Amino acid sequence: MANLSGKKSLNTVTLVFKLPYYTQWGQSLLIAGSEPALGSWNVKQGLSLSPVHQGNELIWSGRVSVATGFTCQYNYYVVDDNKYVLRSESGEKRKLVLPEGVQDGDVVEIRDWWQDASEALFLRSAFKNVIFNGSENAKRELKTTPLNKSLEPEDIVVQFIVSCPRLGAGSTVVVTGSNPQLGRWQTQDGLKLNYVGDSIWKANCLLRKSEFPIKYKYCKISEAGVSSLEFGPNREADVDLSSPKPSRYVLLSDGALRESPWRGAGVAVPIFSIRSNEDLGVGEFLDLKLLVDWAVNSGFHLVQLLPINDTSVHGMWWDSYPYSSLSVFALHPLYLRVQALSDAIPGDIKDEISQAKKQLDKKDVDYEASLASKLSIARKIFKLEKDKVLNSSLFKQFLSENEEWLKPYAAFCFLRDFFETSDHSQWGRFSQFSKEKLDKLVSEGTLHHDVICFHYYIQYHLYMQLSEAAAYARKKKVILKGDLPIGVDRNSVDTWVYPTLFRMNTATGAPPDYFDKNGQNWGFPTYNWEEMSKDNYGWWRARLTQMAKYFTAYRIDHILGFFRIWELPDHAATGLVGKFRPSIALSQEELLSEGLWDFDRMSRPYILQETLEEKFGSFWTVIAANFLNEYKKQHYEFKEDCNTEKKIIAKLKNSSEKSLWLEKEDSIRRGLFDLLQNIVLIRDPEDSTKFYPRFNQEDTSSFNDLDEHSKNILRRLYYDYYFARQENLWRQNALKTLPVLLNSSDMLACGEDLGLIPACVHPVMQELGLIGLRIQRMPSEPNLEFGIPSQYSYMTVCAPSCHDCSTLRAWWEEDGGRRSRFYQTVIGSDDEPPSRCTPEVANFIVKQHFDAPSMWAIFPLQDLLALKDKYTTRPAKEETINDPTNPKHYWRFRLHVTLDSLLDDKDIQATIKELVTSSGRSFPGKVDGAEESGEKLAKVQLNGKP
């Protein structure tokens, strides 16, 4: 019958989506996608699914009618009763393309598996573009999967779809199984799949209804013809023939081909610690090419660095601290190779470079001398070449692509030098940033325009040199792993340009932990997350985009800060008297209802005369006279000019009475800090009705002098605050911020999750596919002194040490009792351990980490050099990079051997390569990226019935 409206009737097909997924009470699943039928990415308008039990599985399904030529992108979401998203899938958006031949009225069934974050890791650039070399996939011919036969009533088209991100060059994929069409388990006769892009392989197979259920597996076949059947039980598929209109097409979207867990290894070293024949007293970006060569020869797929951003805040060695950024976008001029600035450097400047090279070739980095020398030489070359470089097309492109951060950075550097301070509050009319002021500062007609252009010039060459090193690493199948610091310096470009993004009256740190029993105070302002969320965390997204120009993996420094940060008042000098932000405080009403009412007694420093006598001896009267007022008999409080930690430091230094305590200033400062910290509750400075339990409150006399009833209540509230009531809040906080970071780039992300770990952290990291960190001497299990590498979970990086603690050799020598316990419990020997970390001991510990199940084993270079006696002549303590207990530590460790000579040492490279290969870890040049054990197991399976 004709269509009376004159329009063609729309041919429709029914899509049936099915996904096995176990939900909790109050949760359900839905699909949102790019087309109106699936809500146009509005989750609340998406397709709701219904659950049905099938055997041991809970299958969620839903159906929708669409036009026959329908294509879309879509994803599954776990939602609550109000359709708020509780969890979403990871990785790329799913793509639905209906098979050729689908006709009006057909039913197409799509069977999916939840896309887990850990599976999506292999689609990140570290694997896709480096280790499994994305260029190989780019060369593969894309093919369609047509059906060459018309369908009969008994026919069902099954489309096999599998993701194979770890496929080597020249390899293909087949599906083999119980049916003749699938080769009856003979892989050479299996159904060949076609590559359709994005690591996805597909093939259509025509089966009769009577042939169901089917059993099958996917199999890789290498270019040499070696078959590797996937691991695990057989996959199964059946169809529901009892339905009034059964599915004509079944799309088996089977997720990833199941392989043995991929494991790799890497080396960690700060750039400043590298020594080469070309450097000027400090490692340089172009030295990374030598390090990459050494890594490849030693079997490593990864090189890990510390932060490389400009830290030139103070103009002195304090700026050696790489985590205190002047700009989160600008690179550090310290890492510039001046010889590479030009092909036509005059002889006198070449002589100056040679002279500087000799003068700066010291045991440790001389931060100030190296930086000054490089900038002085660079200025001379800039004067000669500025017109040529600044007018080049490459420079102009760099400037236009980076001007949003580069112009404010150059203006900041000019103003910092002009006013002789980075404290932008001291810059008069320039203290408040505006676009208009910036445009005037960087405009061409000004007298200082050359100064502005010099900063552009330096950043341009740093970009070119690091890009060259990064491209070299990718070509050699080595991942460059960067570091994303948790904070920025309070006197930085970022706090000047984006002041509303920071809480400038606060400081960031960490509560007492393994690193420091008094906590840490890093001095960075905390983040105003509420303000940052208004543009969907644009500042963070820009940071990650910038990092991804050079790196294919990164370490998230102090990942706990994305759950909650340890916030301190800006007048604090130590990290002890802080609170978590965000956190649910103890309210005044809550404390009153528990019978606690004397808030002043608990929140003011509790200072009795007997405490003063005990702490300061006969000197207590001098302390009382200068720092305290007696407000009632034998009870004291601090004077106004010294009632914070920073005021105490200033008074001790500047008081007219300072001659009285000159000899014992340190011990007096510690004693005064103890008095100031002798509280039980911290009153919120922004809301006087809110309180926070002081960390380790039971260590204070303020707590111990309370009655037993009050002590018991405070113990319970302390536990509740630190270990119970915050968990859901912190989980929600992390799930707002971390996915934005992870989705801002396709770099592989690892989280530094050391310290006081809330219970919510590891489940969230697992959900988001974040790789954690395991350091053997800092086990996350509460009852262990030493971690057990063989028991680490797969989604971890394992290491014997890191930059924030002593090296393997120094740790071994520090504590004889601990050394004996380690020798007995970990090495398994009752003998007296050697007093120094011999190559045999180092080999045992390093091998433990290579053999661990962790995805990555990453070793500080110093720990690897401990494998050979000739590299252990330097005192072990001198190899430590950072001392977290010292906020003014000088970061200056430098290798005592050049990378050039390490490359010549074939013996140590062979020793390390043997450890890599014997552990079954992947290494550059390993065929097909396959695990040997996996290939062996696959061959065994092929010989008999799988």
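Source: prediction; values computed, not measured. Below, each value reflects all heavy atoms present in this structure, side chains not excepted, and no hydrogens, waters or symmetry copies.
Salt bridge present: E879 and R809 bring a charged side-chain N and a carboxylate O closer than 4.0 Å. The residues K870 and D907 are annotated as not salt-bridged, no charged nitrogen and carboxylate oxygen being separated by less than 4.0 angstrom. By the 4.0 Å N-to-carboxylate-O rule, D361 lies too far from K358 to be salt-bridged with it. Note on K847 versus D851: salt bridge recorded, some NZ/NE/NH1/NH2 to OD/OE distance being below 4.0 Å. The pair K363-E878 meets the salt-bridge criterion, since a charged nitrogen lies less than 4.0 angstrom from a carboxylate oxygen. No salt bridge links D423 with R490; every basic N to acidic carboxylate O contact stays at or beyond 4.0 Å. Taking a cutoff of 4.0 Å between a charged side-chain nitrogen and a carboxylate oxygen, D883 and K888 do not qualify as a salt bridge. Ion pair E785/R821 flagged as a salt bridge, since at least one NZ, NE, NH1 or NH2 atom sits closer than 4.0 Å to an Asp/Glu carboxylate oxygen. In this structure, K289 pairs ionically with E468, as a charged nitrogen and a carboxylate oxygen lie closer than 4.0 Å. A salt bridge links D483 to R555: one of the charged nitrogens lies within less than 4.0 Å of a carboxylate oxygen. Using a cutoff of 4.0 Å between basic side-chain nitrogens and carboxylate oxygens, D494 and R543 are not scored as salt-bridged. A salt bridge does not link K877 with E814: none of the charged nitrogens is closer than 4.0 Å to a carboxylate oxygen.
Counting heavy atoms from C-beta on, the side chains of T807 and D863 come closer than 4.5 Å.
Side-chain contact of N843 with K868: a donor-acceptor pair under 3.5 Å is absent, judged by distance alone. Defined by atom type and a distance below 3.5 Å, a donor-acceptor pair is missing between the side-chain atoms of D319 and S312. Between the side chains of T796 and S854, a donor-acceptor pair is found at a separation under 3.5 Å. Side-chain contact, S373 with S376: no donor N or O sits under 3.5 Å from an acceptor N or O. No side-chain N or O of R892 forms a donor-acceptor pair with one of S370 less than 3.5 Å apart. Looking only at atom types and distance, the side chain of D287 has no donor-acceptor partner in the side chain of Y335 under 3.5 Å away. For the residue pair S342 / E385, a side-chain donor-acceptor distance below 3.5 Å is found, with atom types taken as modelled. At a cut-off of 3.5 Å, with distance as the only test, a side-chain donor of Q520 or W522 sits close to an acceptor on the other residue.
No donor-acceptor distance shorter than 3.5 angstrom exists from the side chain of R337 to the backbone of L462, with no hydrogens or angles considered. A donor-acceptor pair is defined here as one N or O able to donate and one able to accept, closer than 3.5 Å; such a pair exists between the side chain of D753 and the backbone of L773. With hydrogens and angles disregarded, no donor-acceptor distance shorter than 3.5 Å links the side chain of N882 to the backbone of H803. In this structure, S467 contributes its side chain and Y463 its backbone to a donor-acceptor pair below 3.5 Å. Panel note: side chain T917, backbone K913; a donor-acceptor pair is recorded below 3.5 Å.
Here CG of D869 is found 8.0 Å from OG1 of T838. Values are rounded to the nearest 0.5 Å. Taking CG of D489 as the reference point, atom OH of Y323 lies at 15.5 Å (rounded to 0.5 Å). The structure places CH2 of W812 at 7.0 Å from CZ of R819, a figure rounded to the nearest 0.5 Å. To the nearest 0.5 Å, atoms NE2 (H424) and CG (L415) are separated by 11.0 Å.
For the residue pair S273 and F893, the shortest heavy atom distance occurs at OG-O, 2.8 Å. Across every non-hydrogen atom of I775 and P800, the tightest pair is CG2-O, 4.0 Å. The minimum heavy-atom distance between T872 and A866, with the atom names listed, is CG2-CA, 3.9 Å. In terms of heavy atoms, A356 sits closest to I377 at CB-CD1, 4.5 Å. Among all heavy-atom pairs drawn from A470 and L480, the shortest one is CA-CD1, 3.9 Å. Contact between I559 and G751 at its shortest, heavy atoms only, is CD1-CA, 3.9 Å.
Between F786 and F822, the ring planes lie perpendicular to each other; the angle is over 60°, past the 30° to 60° tilted range.
Residues that satisfy the ring pair (Phe, Tyr, Trp, His ring centres under 6.0 Å) test with Y457, not counting sequence neighbours, are F382, H461. With sequence neighbours excluded, the residues forming a side-chain contact (heavy atoms from CB on, under 4.5 Å) with P346 are D348, I349, L384, listed by chain and number.
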* Just do the side chain to side chain donor-acceptor pair (under 3.5 Å) check on H332 and T311 with the steps written out, would you? => CA-CA 7 Å; H332 206 311; T311 57; 3.1 Å; yes

* Under the ring pair (Phe, Tyr, Trp, His ring centres under 6.0 Å) criterion, do F398 and Y456 qualify, and how do the steps go? -> CA-CA 9 Å; F398 168 76; Y456 295 165; 8.5 Å; no

* To do: Let me see the working for N277 and K357 under side chain to side chain donor-acceptor pair (under 3.5 Å), right down to the final yes or no.
  => CA-CA 9 Å; N277 290 341; K357 200 184 286 188; over 6 Å; no

* To do: Before giving the answer on side chain to side chain donor-acceptor pair (under 3.5 Å), spell out for T574 and R670 the whole-Å C-alpha distance, their side-chain angles and the decisive distance to 0.1 Å.
  => CA-CA 10 Å; T574 69; R670 280 196 299 273; over 6 Å; no

* Test log, rule side chain to side chain donor-acceptor pair (under 3.5 Å), inputs D905 and Y871 -> CA-CA 11 Å; D905 185 346; Y871 297 119; 2.5 Å; yes

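Within 6.0 Å of the OH atom in Y367, the count of heavy atoms belonging to other residues, nucleotides or ligands exceeds 12.
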Could you give the side-chain donor-acceptor pairs of residues 299-308 under 3.5 Å, partners two or more places apart or in another chain?
| from | atom 1 | to | atom 2 | distance (Å) |
| --- | --- | --- | --- | --- |
| H301 | ND1 | K477 | O | 2.8 |
| H301 | NE2 | S922 | OG | 3.4 |
| Q304 | OE1 | K481 | NZ | 3.0 |

